[in-house]
Amino acid sequence: MAADTKNPENANDIVKSKNFIYEIIDEDLKTKKWDVNICTRFPPEPNGYLHIGHAKSICLNSGIARDYSGKFNLRFDDTNPEKEEQEYVDSIIEDVKWLGGNFEDRILYASDYFDKMYTWAIDLIKKGKAYVCDLNADEIRETRGTLTEPGKPSPYRNRSVEENLSLFEKMRNGEFPDGSKTLRAKIDMASPNFNLRDPIMYRILHDEHHRQGNKWCIYPTYDWAHGLEDSIENVTHSICTLEFENHRPLYDWFLNELGIFHPQQIEFARLNLTYTVMSKRKLLQLVKENYVDGWDDPRMPTVSGFRRRGYTPEAIRNFAEIIGVAKRDALTDIALLEYAIRDDLNKHAQRVMAVLHPLKVTITNYNGEEVLDAVNNPEDAGMGSRKVPFSNEIFIEQSDFIENPPKGYHRLIPGGEVRLRYAYIIKCEEVIKNEKGEVVELRCTYDKETKSGSGTSTKKVKGTIHWVSAKQALNIEVRLYDRLFTVEAPDAGKEKNFLDFLNPGSCEIIPNALVEPFIKGSKPGARFQFERHGYFCVDTKYTTSEKLVFNRTVTLKDSWGKTK
RNA sequence: UGCCCCGUAGUGUAAUUGGCAACACGUCUGACUCUGGAUCAGAAGACUUCAGGUUCGACCCCUGACGGGGCAGCCA
């Protein structure tokens, strides 16, 4: 983005284009619009777990603070006690930290500003710009007007300042029941923008707040509170999503009437990803109705889900960089995200051989055992090598042998040869089947001149397959994840329920896969590449001291599988 | 129906602010390879939604259409 701003000498570098928000900030800096440092914020409501769309926002906001040497605040927008919980606060803090959002020590809460907001409300009442309204919810809706008709003024619109002050104080003191009164801004009931038709600033809610307890029984609405929160924190650029565009005139109105520090609200398009849903409501439903195994189910598009699945914060940050920021709503191909994680893991993940669907192979002319050298990461020599045990009884992948190969298949076939990775070339001499005609074992011979790295082999084989030595192999559980939904936009159809598109095969559990002993004792969260399969990580939830459980983060690209 | 926002290859973004459309992913070739991965080389793919207008020149400015999204919570 603007990372190169301070390095204009990098003339040879491709000039990274800036998104429109960086251009606005550049312009602001040029015109000296602000007499404070650039400040952004991420203002989640603690009513759910963060998802990849929030991650985009976190990367954007914290990235701006980083690039302009400003500040980035984490602020909980906790103005509605009915939906908010401490569990969500905790998870959000963890997720933002994990993503690398640098809020330093600033964990802020809108609820800490309630007193200040209250006095500002009184200021507005005194200016004759706000009034207590006795209309109930239904009546307010009925008098708000429609898309084409103006609303009707509330009969309470012209109460005196004194009466409003007194009523508002009584509201605060708990003298009225929920929903019986509201404090409204007096703006314009005929405005074509609904948000300006005397919007509600406070509602009565006798509900315990997760941080304020029972101190308050009136709570500020988003529109009233948000700009004040930003203003208090000297946020310069208040970045939010497109649906708040129509709220900006109101955001500005409150700040102007109060005459306080006035942040600039800027809207950008939220992230949509193919084959998943992003609305908190739908994600909550998936959790509550047990379609998934909690908010951090590896199939969930939540930050915690991606973390458990094995994604790295670097990959997610890079993804955010790749997709950019703009104002048109879009549906981003999940392939972009998968590219980001493969790109990262390819460079950093320890390689290891694992057999998911074992087929026994006996090497009839091999005696004894030996240990072979295997490279830990061909992309990074610094990661060194490891020893892999080899013997006359090994397991290979069932799919790496086929009796009647299609054209182009170049793995093991009857009478054919393949290379065992890091070991020898073997030849399939005999195929053993059970009563049902299923292949249960292969009897092969090996060529000792073909040992990996010996340089003595003159043979060329078309394929190399992975394997694991039977005696030393470690038994593990592997979970193969696929997309949660079967269609690109499960929530696109207004008539159809997104649940109808759930992918029944989104999680395949392989209880007994085999892996080389190297990974024994791996810690939860550890990431590996299972050669020729994909990237996997040790599950943090179901791994036990007896058995490692692995989640497949993402497959390797498979140009052969595609052609079939 | 009223108001607001948006329309650039399959996908996501760019275009030095009016100079003849670029990057990434994806797709397809070929090379290389002890991962059908990675890497390397290359290709295809966009009359910039449409129609007018301004201009020597328009993705960019103007007008109008069409298409998409948002707004009638005491949610955010």
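First the proteins, then the strands, lettered A, B, ... as listed; each starts at 1.
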S.K.: For the residue pair A:R351 and A:V375, establish whether any side-chain heavy-atom pair is separated by less than 4.5 Å.
M.R.: no
S.K.: Applying a 3.5 Å limit to both distances, which nucleotide forms a Watson-Crick or G-U wobble pair with B:U35?
M.R.: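 No nucleotide pairs with B:U35.
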S.K.: For atom C1', what is the distance between B:G2 and B:A58, given to the nearest Å?
M.R.: 32 Å
S.K.: Tell me whether the side-chain N/O atoms of A:R270 come closer than 4.0 Å to OP1 or OP2 in B:C5.
M.R.: no
S.K.: Take the protein atom CZ of A:R248 and the nucleotide atom C1' of B:C4, then report the distance between them rounded to whole Å.
M.R.: 9 Å
S.K.: Could you work out which one of B:A24, B:G2, B:A38 sits closest to the side chain of A:N346?
M.R.: B:A38
S.K.: Of the nucleotides B:G37, B:C4, B:G36, which has the atom closest to the A:Y409 side chain?
M.R.: B:G36
S.K.: Paired with B:C3: which nucleotide, if any, by Watson-Crick or G-U wobble criteria at under 3.5 Å for both distances?
M.R.: B:G70
S.K.: Between A:D333 (CG) and B:C25 (C1'), how many Å, whole number?
M.R.: 8 Å
S.K.: Separation of A:I465 atom CD1 from B:G36 atom P, in whole Å?
M.R.: 10 Å
S.K.: Would you indicate what A:L242 reaches in the nucleic acid, counting non-hydrogen atoms under 4.0 angstrom: base, sugar-phosphate, or nothing?
M.R.: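 The residue A:L242 makes no contact with any strand.
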S.K.: Identify whether the glycosidic angle of B:G73 places it syn (within 90° of 0) or anti.
M.R.: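 Here the answer is syn: the torsion falls within 90° of 0.
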S.K.: Could you walk me through whether A:Y251 and A:F244 pass ring pair (Phe, Tyr, Trp, His ring centres under 6.0 Å), step by step?
M.R.: CA-CA 10 Å; A:Y251 181 99; A:F244 293 104; 9.9 Å; no
S.K.: How do A:I140 and A:N195 order along RNA chain B: which one's closest nucleotide is nearer the 5' end?
M.R.: A:N195
S.K.: Which nucleotide, if any, forms a Watson-Crick or G-U wobble pair with B:U17, using both distances under 3.5 Å?
M.R.: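 Because no pair has both required distances under 3.5 Å, B:U17 counts as unpaired.
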S.K.: Verify the contact: side-chain N or O of A:K18 to OP1 or OP2 of B:A14, cut-off strictly under 4.0 Å; return yes or no.
M.R.: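 So the side-chain polar atoms of A:K18 never come under 4.0 Å of the phosphate oxygens OP1 or OP2 of B:A14.
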S.K.: Can you tell me how the ring of A:H533 sits relative to the ring of A:H466, calling it parallel under 30°, perpendicular over 60° and tilted otherwise?
M.R.: perpendicular
S.K.: Looking only at heavy atoms, which two atoms of A:M278 and A:L283 are closest? And how far apart?
M.R.: O-CD1, 4.2 Å
S.K.: Once you apply a heavy-atom cut-off of 4.0 Å, does A:G408 come out as touching a base, just sugar-phosphate, or nothing?
M.R.: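 If one applies the 4.0 Å heavy-atom cut-off, A:G408 turns out to touch a base.
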S.K.: Classify the nucleic acid contact of A:G453 as base, sugar-phosphate or nothing, counting any heavy atom under 4.0 Å across all strands shown.
M.R.: base
S.K.: Assign A:E245 to base, sugar-phosphate, or nothing according to its heavy-atom contacts below 4.0 angstrom with the strands shown.
M.R.: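 Sugar-phosphate: the residue A:E245, judged by heavy atoms under 4.0 Å, touches backbone atoms but no base.
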S.K.: Nearest of B:G73, B:G2, B:U35 to any side-chain atom of A:R351?
M.R.: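 Selected nucleotide (nearest to the side chain): B:U35.
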S.K.: Can you find a donor-acceptor pair, distance only, under 3.5 Å between A:E379 side chain and B:U39 base?
M.R.: no
S.K.: At less than 4.0 Å, is any side-chain N or O atom of A:Y222 found next to OP1 or OP2 of B:A76? Yes or no.
M.R.: no
S.K.: What pair of heavy atoms forms the shortest contact from A:E245 to A:K327, and how long is it?
M.R.: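 Shortest heavy-atom contact: OE2-NZ, 2.5 Å.
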S.K.: Is there a Watson-Crick or G-U wobble partner for B:C23 with both distances under 3.5 Å, and which nucleotide is it?
M.R.: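 Because both required distances fall under 3.5 Å, B:C23 counts as paired with B:G12.
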S.K.: May I ask you to say what A:E23 touches in the nucleic acid, namely base, sugar-phosphate or nothing, with a heavy-atom cut-off under 4.0 Å?
M.R.: base
S.K.: Look at the side chain of A:R411 and the base of B:G36, then say whether one donor and one acceptor between them are separated by less than 3.5 Å.
M.R.: yes
S.K.: In this structure, how many angstroms lie between the P atom of B:A72 and the CD atom of A:E142, rounded?
M.R.: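 About 16 Å, once rounded to whole Å.
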S.K.: B:U35, B:U17, B:A76: which one has an atom nearest the side-chain heavy atoms of A:N80?
M.R.: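 Ranking B:U35, B:U17, B:A76 by closest atom to the A:N80 side chain puts B:A76 first.
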S.K.: Name the nucleic acid region contacted by A:H247, choosing base, sugar-phosphate or nothing; use a 4.0 angstrom heavy-atom cut-off, strictly under.
M.R.: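 Base, at least one base heavy atom under 4.0 Å.
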S.K.: For residues A:D343 and A:K347, report the shortest heavy-atom separation together with the two atoms involved.
M.R.: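 Minimum heavy-atom separation between A:D343 and A:K347: OD2-NZ, 3.3 Å.
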S.K.: If the cut-off is 4.0 Å, is A:K181 near the phosphate of B:C74, judged by side-chain N/O to OP1 or OP2?
M.R.: no
S.K.: Find the partner of B:C61: check Watson-Crick (N1-N3 plus N6-O4 or O6-N4) and G-U wobble (N1-O2, O6-N3) distances, both under 3.5 Å, and reply none if neither fits.
M.R.: B:G53
S.K.: Checking side chain to side chain contact (heavy atoms under 4.5 Å, CB included) against A:E229, which of A:V235, A:D112, A:D77 comes through?
M.R.: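 Of the listed options, the one satisfying the test is A:D77.
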S.K.: Please determine, for B:A44, whether a Watson-Crick or G-U wobble partner exists with both distances under 3.5 Å, and give it or none.
M.R.: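 The answer is none; no pair meets the criterion.
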S.K.: Examine B:U33: is either OP1 or OP2 under 4.0 Å from a nitrogen or oxygen in the side chain of A:T464? Give yes or no.
M.R.: no
S.K.: Flag as yes if A:H226 stacks onto the base of B:A76 (centroids under 5.5 Å, planes under 30°), otherwise no.
M.R.: no
S.K.: Just to be sure I understand the rule, does A:T332 reach a base, reach only the sugar-phosphate, or reach nothing, if contact means heavy atoms closer than 4.0 Å?
M.R.: sugar-phosphate
S.K.: Grab the NZ-C1' distance between A:K83 and B:C74 for me, whole Å please.
M.R.: 12 Å
S.K.: How far does the C1' atom of B:G18 sit from the matching atom of B:G12, given to the nearest Å?
M.R.: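 Result for the C1' pair: 26 Å, nearest Å.
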S.K.: For a quick check of understanding: with a heavy-atom distance under 4.0 Å over all strands, which category does A:Y422 fall into, base, sugar-phosphate or nothing?
M.R.: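 Counting heavy atoms under 4.0 Å across all strands, the contact made by A:Y422 includes a base.
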S.K.: I need the minimum non-hydrogen distance between A:W560 and A:K407, along with the two atoms involved.
M.R.: CH2-O, 3.6 Å
S.K.: Could you work out the separation of B:U48 and B:A22 based on their C1' atoms and round it to a whole Å?
M.R.: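 Nearest-Å result for B:U48 against B:A22 at atom C1': 13 Å.
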S.K.: Could you work out the separation of B:A51 and B:G67 based on their C1' atoms and round it to a whole Å?
M.R.: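 It comes out at 15 Å once rounded to the nearest Å.
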S.K.: Please classify the nucleic acid contact of A:T274 as base, sugar-phosphate, or nothing, using heavy-atom distances under 4.0 Å.
M.R.: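 Contact class for A:T274: none.
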S.K.: Mapping A:K327 and A:A269 to their closest nucleotides on RNA chain B, which lands nearer the 5' end?
M.R.: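 Counting from the 5' end, the first nearest nucleotide belongs to A:K327.
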S.K.: How many whole angstroms separate atom CG of A:D329 from atom C1' of B:G70?
M.R.: 9 Å
S.K.: With rounding to the closest Å, how many angstrom separate the P atoms on B:U63 and B:C4?
M.R.: 12 Å
S.K.: Specify the glycosidic conformation (syn or anti) of B:U55, with syn defined as within 90° of 0.
M.R.: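 Here the answer is anti: the torsion falls beyond 90° from 0.
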S.K.: May I ask you to say what A:Q529 touches in the nucleic acid, namely base, sugar-phosphate or nothing, with a heavy-atom cut-off under 4.0 Å?
M.R.: base
S.K.: Between the base of B:G36 and the ring of A:W560 - centre-to-centre under 5.5 Å, planes within under 30° - is that a stack?
M.R.: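 Ring-base stacking flag set for A:W560 and B:G36.
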S.K.: Looking at B:G12, B:U13, B:C74, which one has an atom nearest to any side-chain atom of A:A137?
M.R.: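 Ranking B:G12, B:U13, B:C74 by closest atom to the A:A137 side chain puts B:C74 first.
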S.K.: Starting at atom CG of A:D400, determine the distance to atom P of B:G37, rounded to an integer number of angstrom.
M.R.: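 After rounding, the gap between these two atoms is 14 Å.
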S.K.: Could you give the distance separating B:A24 and B:C5 at their P atoms, to the nearest angstrom?
M.R.: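 Taking atom P in both B:C5 and B:A24, they lie 34 Å apart.
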S.K.: Let's test your reading of the model: under 3.5 Å, does the base of B:U8 pair with the side chain of A:R328 as donor and acceptor?
M.R.: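 A donor-acceptor contact between them is present.
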S.K.: Measuring from the side chain of A:K557 (C-beta onward, heavy atoms only), which nucleotide among B:G12, B:G36, B:U27 has the closest atom?
M.R.: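 The listed nucleotide nearest to A:K557's side chain is B:U27.
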S.K.: How far does the C1' atom of B:A9 sit from the matching atom of B:C28, given to the nearest Å?
M.R.: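 After rounding to an integer number of Å, I get 15 Å for this pair.
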S.K.: Which whole number of Å gives the distance between the P atom of B:U49 and that of B:U33?
M.R.: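 My reading of the P atoms in B:U49 and B:U33 gives 46 Å.
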S.K.: What do you reckon, are the aromatic ring centroids of A:Y446 and A:Y424 less than 6.0 Å apart?
M.R.: yes
S.K.: Testing the basics here: between A:R184 and A:R197, what is the closest heavy-atom pair and its distance to 0.1 Å?
M.R.: NH1-O, 3.7 Å
S.K.: Can you check the A:N246 CG to B:C6 P distance for me, whole Å?
M.R.: 12 Å
S.K.: Ignoring backbone atoms, establish whether A:T146 has a side-chain N or O less than 4.0 Å from OP1 or OP2 of B:G2.
M.R.: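 Result: no.
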